[in-house]
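Scope of the values below: all heavy atoms of this structure, side chains included, with no hydrogens, waters or symmetry mates.
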Amino acid sequence: MRSPLFAAAVGAVRLWTRLYTWRMEPALGAARRAEIESDLWACEHDDALISPLSPALHVFVRFLRGIPDDLGWRVEHDDLGDDLLRSRFVVTAAVALIVATFWTLPLFGQGAPSRRLNVLNCARASAPAQTGDEFRLQVVTCAGAFFRPE
Amino acid sequence: MRRKPGQLVPLERTICVTAARLRRRGGIDFYGYEIAKTLADAEDRPLLTAFGTLYRALGRLEDMGLLESRWEDPEIPARENRPGRRLYTLTAAGEAAADHALNLATQPARKRARRRLAPA
């Protein structure tokens with residue numbers, strides 16, 4: 001089992017994948033999420049991976065560098081329809097990305113805030129969601145972990 | 001990167017070439033993480049290809065008919081307690097694209113060598 005930082009990076013990738021596959025053809029979106037999940041699992045269990053970065057930072061960098069292609073892929077399979085929906089998608093993606101970046105990056109420094117670690121530990125303990133409802137329940141549960149008394 | 005229809009970008013060419021090499025070593029199928037790692041090893045890169053870049057390239061190669069994909073038998077990941085893998089196979093067209101890419105890569109070197117060997 002990897003560190004809480006690794007769980008944070010994995011959580012960011014999962015969240016982002018959920019976001020850019022949002023409201024697309026269900027089979028296509030599910031296939032992409034399953035493929036990313038398989039990659040994350042292989043990365044987590046690959047003890048032979050040699051990298052100058054920590055495993056968590058490695059995943060995070062792979063995630064950040066792939067964002068333009070994720071968006072490009074989504075546009076290629078675009079079923080966003082009207083302009084309003086498309087602009088909503090772009091704004092939501094941008095906001096989520098900024099929040100995820102500012103949320104995750106400080107964790108790579110020293111002395112990660114313990115409340116955030118509560119959330120990360122919750123995310124790590126959760127199995128990947130199979131349905132939208134399960135995912136929403138996990139988000140609410142782990143958001144609640146932030147307010148758990150010290 | 002803007003592309004002409006049917007033309008491969010460098011990453012896609014490299015994937016075809018690497019998949020062809022894996023095949024010659026007996027690996028008929030490969031999965032995303034495996035090819036990312038093989039690419040990084042072959043090019044001596046410290047980082048694996050980004051998630052989005054890798055899976056978009058694999059998808060394009062499949063759309064072009066150079067790769068085929070299928071999900072592995074669900075019993076295998078269930079037994080090994082891991083998520084299922086999407087397995088890719090190089091098609092005959094993909095193998096031809098890999099040969100073509102290899103020829104292109106070796107041509108300038110051959111020309112340079114010929115020029116050096118040619119009598120003055």
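- In this structure, the portion of B/Ala36 lying under 4.5 Å from any heavy atom of chain A is its side chain and not its backbone.
- The contact list for residues 73-85 of chain B toward chain A, using heavy atoms and a distance under 4.5 Å, reads B/Asn81, B/Arg82, B/Pro83, B/Gly84, B/Arg85 by residue number.
- Inspection of non-hydrogen atoms places B/Pro46, B/Leu47, B/Leu48, B/Thr49, B/Ala50, B/Phe51, B/Gly52, B/Thr53 of residues 45-53 of chain B under 4.5 Å from chain A.
- For A/Arg18, there are no side chain to side chain donor-acceptor pair (under 3.5 Å) partners, not counting sequence neighbours.
- B/Phe30 and A/Trp41 sit in two unconnected hydrophobic clusters of ILVMFWY residues. Membership requires side-chain heavy atoms under 4.5 Å apart, directly or through other members.
- Looking at residues two or more places apart in sequence or on another chain, you find a side chain to side chain donor-acceptor pair (under 3.5 Å) between A/Arg62 and A/Asp39.
- In this structure, A/Ile36 CD1 and B/Arg86 CZ are separated by 11.0 Å, a value rounded to the nearest 0.5 Å.
- In this structure, the side chains of B/Tyr33 and A/Ser38 stay at 4.5 Å or more apart for every pair of heavy atoms.
- Across A/Glu76, A/Glu37, A/Arg65, A/Glu35, the residue that shares the most heavy-atom pairs under 4.5 angstrom with chain B is A/Glu35.
- With a threshold of 4.5 angstrom between heavy atoms, A/Val61 approaches chain B through side-chain atoms but not through N, CA, C or O.
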